[in-house]
Amino acid sequence: MSLSVRHLLSVKDLTKKDVDLILKTAENLQEISKRPVKKVPALRGKTIPLCFFEPSTRTRASFEIAAKRLSADPIQISSFGNSLSKGESLLDTVKNLEAMDPDVLVIRHPHSGMPHLMAKEVSCPVINAGDGINEHPTQALLDLMTILQVKKKIQGLHVAIIGDILNSRVARSNIILLTKMGAKVHVAGPASMIPAGVEQYGVQVVNDIREVIPKADVIMMLRIQRERESASLFPSLREYARFFGLNKNNMKEAKKDVVIMHPGPVNRGVEIAPEVADGPHSIILDQVTNGVAVRMALLYLMCGEGERKIKY
Amino acid sequence: MAEKHLMSEVDMDAVIKSMAKQIIDDGLGEVALAGIRTRGVPLADWLAKHITALSKKLIKVGAIDINLYRDDLSEVGSQPIVHRTEIPFKIDGTGIILVDDVLYTGRTIRSALDALIDFGRPKFIKLAVLVDRGWRELPIQADYVGKTVKTKADEVIKVMFQSTDGKNEVILKEQFSARHKHP
């Protein structure tokens with residue numbers, strides 16, 4: 001059994017069977033991270049360039065750990081201190097990487113759609129590790145795994161995604177994947193941060209988070225992306241925290257068994273109060289742990305393919 | 001595709017009981033069983049049941065998945081499904097009996113040895129198989145064998161268990177295979 005897709009560019013491309021296979025594989029691989037020797041030889045000899053052309057800590061580390069636990073050789077490529085900063089085009093950089101025979105290319109890029117373009121240029125599978133404001137498929141998969149571990153199901157769950165929906169690739173991937181798997185997704189945030197026509201994805205739009213908190217089984221808080229356009233979409237961080245932040249007061253209205261998620265990094269005191277981020281409902285660190293397992297599963301499932309399709 | 005019946009449930013039980021007796025007679029001290037997924041696991045459970053009944057001592061049973069240790073990952077057509085390895089006992093200093101349904105090329109056993117040793121340093125590792133069909137490609141031999149069957153390269157031994165296949169039976173199937181070119 002293998003994935004129906006060669007590349008992981010968007011969660012849209014995954015079938016329910018693909019999602020089940022990825023999560024089942026991740027769940028089984030998770031045991032490796034608990035061993036005294038956290039390494040198996042499954043991907044020995046495989047070369048995996050991690051091309052992060054945008055700052056990243058946890059996704060990058062997560063991919064590197066995942067590759068190393070499977071005995072692959074991850075190669076770190078960034079936009080700083082390499083040929084890109086010397087004027088080489090991204091396409092030339094990738095063509096050069098391709099000439100070095102990578103087995104899987106992991107790419108994060110500040111521009112939406114760049115991994116899709118790269119997938120057409122290289123012969124190996126490409127994993128989108130986040131492209132602009134478009135998608136972050138591995139984050140959505142690890143979020144799904146984390147919800148499943150706690151709630152044991154996705155079908156019929158009410159998931160509230162709160163914050164900057166407009167600029168969030170995490171929100172986009174999660175909306176697509178969670179609705180595909182049968183969850184009822186509600187999005188909430190300032191009107192300036194809700195993309196027009198988001199209802200077409202089958203989500204319910206709410207402007208006041210007090211409406212959605214009491215019915216949510218899962219609350220997914222999004223980071224205010226100060227490095228993008230977020231900061232100009234609301235008057236002040238203080239006001240944002242007051243109306244759209246999750247804190248101990250509005251948590252009183254939440255279900256007793258609600259779980260709180262956040263893709264990180266957390267702006268403490270802005271989108272989420274420290275006592276909530278560190279509180280008993282928080283599964284934020286489980287998301288990080290599951291990220292390694294999901295990425296191990298993807299590398300394993302995408303690397304082991306027999307015959308490579310050479311593109312000439 | 002012709003089939004030949006090799007063992008019934010009664011035959012399997014008798015053979016597994018005999019293997020259990022041999023293990024006890026060898027006086028190995030404290031041992032644990034590690035079944036190789038998939039069909040090594042129900043066989044290990046069955047063997048453990050007889051060892052416990054004969055020795056009046058409970059024996060621990062674990063399960064090893066060897067797919068992550070395969071040396072042919074890039075050659076297989078579709079991705080092997082990874083199952084969980086579950087070793088609910090301390091490996092260091094414990095005598096381990098690896099258990100599998102069929103011993104063929106020996107490559108599965110090599111992978112299982114690698115997997116097991118990643119968990120610690122066992123006191124010793126022995127091998128128990130229900131059927132040894134020959135055609136070894138590595139220098140590996142079993143310590144406890146239920147039945148030795150002389151086979152042709154293109155034949156397949158199918159060991160079935162109630163938990164995995166709905167019945168307990170061993171059959172030999174003739175099947176064309178290009179795996180072995182040599183006689």
Side-chain angles (χ1 to χ4, degrees), chain A residues 1-6 8 17-18 20-48 66-72 101-104 124-125 149 293-310, chain B residues 32 34-41 60-94 96 98 106-123 125 138 164 177-179:
Chain A
M1 195 171 175
S2 51
L3 294 175
S4 69
V5 289
R6 179 163 165 72
L8 178 61
K17 271 190 178 173
D18 289 332
D20 288 341
L21 176 63
I22 294 165
L23 295 197
K24 190 78 198 154
T25 307
E27 194 185 310
N28 290 329
L29 289 173
Q30 204 153 37
E31 167 262 324
I32 294 165
S33 300
K34 297 185 178 97
R35 294 183 188 182
V37 179
K38 300 176 180 63
K39 210 172 181 72
V40 293
L43 299 186
R44 192 173 48 197
K46 304 284 184 188
T47 307
I48 303 177
K68 286 182 171 172
R69 290 206 174 149
L70 293 171
S71 299
D101 274 330
D103 293 283
V104 174
C124 66
Q149 278 177 348
V294 160
R295 285 160 186 138
M296 283 172 81
L298 286 166
L299 294 178
Y300 174 75
L301 292 167
M302 295 175 84
C303 245
E305 198 175 338
E307 199 181 342
R308 288 180 63 196
K309 292 171 193 161
I310 306 295
Chain B
I36 300 174
R37 289 193 191 274
T38 306
R39 288 177 181 77
V41 178
K60 288 177 180 157
V61 182
I64 291 184
D65 185 79
I66 56 112
N67 279 323
L68 295 167
Y69 289 81
R70 290 171 67 126
D71 56 10
D72 61 349
L73 194 65
S74 58
E75 291 168 27
V76 290
S78 65
Q79 199 71 7
I81 296 175
V82 179
H83 295 280
R84 198 170 300 180
T85 289
E86 290 163 298
I87 304 288
F89 45 81
K90 187 170 68 79
I91 290 277
D92 287 335
T94 305
I96 308 287
L98 266 179
R107 292 182 188 270
T108 298
I109 306 303
R110 184 210 59 85
S111 301
L113 289 169
D114 283 351
L116 204 54
I117 287 163
D118 271 358
F119 280 88
R121 187 177 184 277
K123 188 176 174 190
I125 303 175
L138 295 173
T164 51
S177 164
R179 185 182 175 92

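The chains referred to below are lettered A, B, ... by the order of the sequence lines, with proteins before strands, and numbering in each begins at 1. Side chains included, hydrogens not; waters and symmetry mates left out as well; all remaining heavy atoms used.
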**Request:** Would you mind checking which part of Q30(A) comes under 4.5 Å of any heavy atom in chain B, side chain (CB onward), backbone (N, CA, C, O), both or neither?
**Result:** neither
**Request:** Measure the shortest side-chain to side-chain distance between L68(B) and L29(A) over non-hydrogen atoms and say whether it is less than 4.5 angstrom.
**Result:** yes
**Complete:** Tightest non-hydrogen contact, residues F119(B) and E31(A), listed as CZ-OE2, 3.3 Å
**Message:** If the condition is salt bridge (charged side-chain N to carboxylate O under 4.0 Å, His left out), which residues does D20(A) pass it with, not counting sequence neighbours?
**Reply:** none
**Message:** Do K24(A) and I81(B) make a side-chain contact, defined as non-hydrogen atoms from C-beta onward lying under 4.5 Å apart?
**Reply:** no
**Request:** Specify the closest pair of heavy atoms between R35(A) and D118(B), including all atoms of both residues, with the distance to one decimal.
**Result:** NH1-CB, 4.5 Å
**Message:** Within a 6.0 Å radius of atom NZ on K123(B), are there more than 12 heavy atoms belonging to other residues, nucleotides or ligands?
**Reply:** no
**Request:** Nearest 0.5 Å please: distance from the CZ atom of R84(B) over to the OG1 atom of T25(A).
**Result:** 11.5 Å
